[in-house]
Amino acid sequence: MKKLMETKPIVHALIWIIIYVVMVNIADALSEITGAATNTITGAMLIVLSIVLVLYLKKNKKFNEYGMKGIKKGDFRRTLFYVPLLLLAFIQYIEGIDVSRSITDIASVCLLMIGVGFIEELIFRGFLFQGIFAKSGVNRAIMISGITFGFGHIVNLLRGYTYTEQMGQIVVAVGIGIVLALLVANTKSIVPGILFHIVFNIGGTIT
């Protein structure tokens with residue numbers, strides 16, 4: 001995989017995207033077979049995959065290259081343009097938490113979304129963005145990684161989403177994907193995107 005990372009970075013990114021999608025579907029299938037909560041099994045498997053990815057980056061010394069770093073002081077002012085992302089992430093919590101959910105259920109949702117947020121930002125705004133950027137420049141990297149991220153959500157049709165719900169999610173995800181890619185282009189960091197992704201997804205699920 002290291003050679004592929006260096007010689008064919010876009011293929012490398014696509015392989016990790018496929019691994020991620022396959023793992024989610026396997027976890028969902030296991031949940032259905034065992035009768036366990038989907039969030040618990042899928043969340044646990046994604047945390048394991050997250051650890052694998054961290055070790056993979058550490059072994060290949062690629063943390064900085066793929067944006068696993070804080071924002072430099074000189075870049076901080078640029079992030080002010082993305083304050084609306086904070087509002088978008090937290091506005092969902094205004095109506096309060098869904099009281100029908102148990103503490104265990106909320107904890108399993110948080111576990112799942114931590115895994116989803118980290119993995120999706122790394123593979124789409126890390127691996128894929130940098131792969132396209134190296135070959136075709138920043139503009140294409142922003143647009144293609146954002147659009148790919150959005151349309152990648154079509155797999156949720158397998159999770160019981162209606163076509164209307166799915167189309168709405170894809171449109172929103174494309175928009176958010178492009179904005180997060182712009183943030184990476186400006187700051188060279190995927191960390192703000194990871195934090196936004198986790199908070200946004202948790203809010204969309206438990207509120």
Student: By the salt bridge (Lys or Arg N to Asp or Glu O under 4.0 Å) test, which pairs, at least two apart or in different chains, include something from residues 168-181?
Tutor: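 Passing the test, one end in residues 168-181: no pairs.
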Student: State plainly whether one hydrophobic cluster holds both I194 and L57, where clusters connect Ile, Leu, Val, Met, Phe, Trp and Tyr through side-chain heavy atoms under 4.5 angstrom apart.
Tutor: yes
Student: I123 versus I19: any side-chain heavy-atom pair under 4.5 Å?
Tutor: no
Student: Would you give the length of the straight line joining atom SG of C110 to atom CG of D105, rounded to the nearest 0.5 angstrom?
Tutor: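 Separation between the atoms: 9.5 Å.
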Student: Between I41 and A27, what is the shortest heavy-atom contact and its length?
Tutor: CG2-O, 3.7 Å
Student: Restricting to side-chain contact (heavy atoms from CB on, under 4.5 Å), what partner residues turn up for V199, sequence neighbours left out?
Tutor: A89, F90, Y93
Student: What distance do Q92 atom CD and T207 atom OG1 have between them, rounded to the nearest 0.5 Å?
Tutor: 5.5 Å
Student: Take atom CD1 in I91; do more than 12 heavy atoms of anything else shown fall under 6.0 Å from it?
Tutor: no
Student: Roughly how far, to the nearest 0.5 Å, is the CD1 atom of I106 from the CD1 atom of I97?
Tutor: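 Here the interatomic distance stands at 6.0 Å.
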Student: Which atoms form the tightest heavy-atom contact between I170 and G150, and what is the distance?
Tutor: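 Closest approach of I170 to G150: CG1-O, 3.6 Å.
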Student: Please indicate whether E6 has more than 12 foreign heavy atoms, meaning atoms of other residues, nucleotides or ligands, lying under 6.0 Å from its CD.
Tutor: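 More than 12 heavy atoms, drawn from other residues, nucleotides or ligands, come within 6.0 Å of this atom.
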Student: With rounding to the nearest 0.5 Å, note down the distance linking CE in M45 to OG in S31.
Tutor: 9.0 Å
Student: Let me check something: any side-chain donor-acceptor pairs from residues 179-192 under 3.5 Å, sequence neighbours excluded? List them with distances.
Tutor:
{"residue": "N186", "atom": "ND2", "partner": "Y82", "partner atom": "OH", "Å": "2.8"}
{"residue": "N186", "atom": "ND2", "partner": "L182", "partner atom": "O", "Å": "3.4"}
{"residue": "T187", "atom": "OG1", "partner": "L183", "partner atom": "O", "Å": "2.8"}
{"residue": "T187", "atom": "OG1", "partner": "S189", "partner atom": "N", "Å": "3.2"}
{"residue": "T187", "atom": "OG1", "partner": "S189", "partner atom": "O", "Å": "3.4"}
{"residue": "K188", "atom": "NZ", "partner": "A185", "partner atom": "O", "Å": "3.0"}
{"residue": "S189", "atom": "OG", "partner": "K69", "partner atom": "O", "Å": "2.4"}
{"residue": "S189", "atom": "OG", "partner": "V191", "partner atom": "N", "Å": "3.2"}

Student: Decide yes or no for F63 and V54: does some side-chain heavy atom of the first lie under 4.5 Å from some side-chain heavy atom of the second?
Tutor: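 F63 vs V54: side chains touch.
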Student: Name the one of K8, M5, M1 that satisfies side chain to side chain contact (heavy atoms under 4.5 Å, CB included) with I15?
Tutor: M1
Student: Using the salt bridge (Lys or Arg N to Asp or Glu O under 4.0 Å) rule, collect all pairs that involve residues 111-128, keeping only residues at least two apart or in two chains.
Tutor: E121-R125
Student: Hey, are the side chains of L14 and F127 touching, using non-hydrogen atoms and a 4.5 Å cut-off?
Tutor: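 No - every pair of side-chain heavy atoms lies 4.5 Å or more apart.
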Student: Could you list all the salt bridge (Lys or Arg N to Asp or Glu O under 4.0 Å) pairs where at least one residue sits in residues 40-64, not counting sequence neighbours?
Tutor: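 Qualifying pairs, neighbours excluded: K62-E65.
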Student: What's the separation between atom CG in L86 and atom CZ in F196, rounded to the nearest 0.5 Å?
Tutor: 9.0 Å
Student: Okay, side chain of R101, backbone of T205: is any donor-acceptor separation there less than 3.5 Å?
Tutor: yes
Student: Considering residues at least two apart in sequence or located in another chain, which fulfil the side chain to side chain donor-acceptor pair (under 3.5 Å) criterion with S100?
Tutor: D98
Student: Quick one: pull up CD1 in I144 and CD1 in I10 and give me the separation to the nearest 0.5 Å.
Tutor: 7.0 Å
Student: Report yes if the side chains of I47 and F118 come closer than 4.5 Å at any heavy-atom pair, otherwise no.
Tutor: no
Student: What do you reckon, is CG of L55 surrounded by more than 12 foreign heavy atoms closer than 6.0 Å?
Tutor: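 Result for CG/L55: enclosed.
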Student: Looking at F124 versus H197, is the centre-to-centre ring distance below 6.0 Å?
Tutor: no
Student: Could you label the plane-to-plane angle of the H12 and Y56 rings as parallel, tilted or perpendicular, counting under 30° as parallel and over 60° as perpendicular?
Tutor: parallel
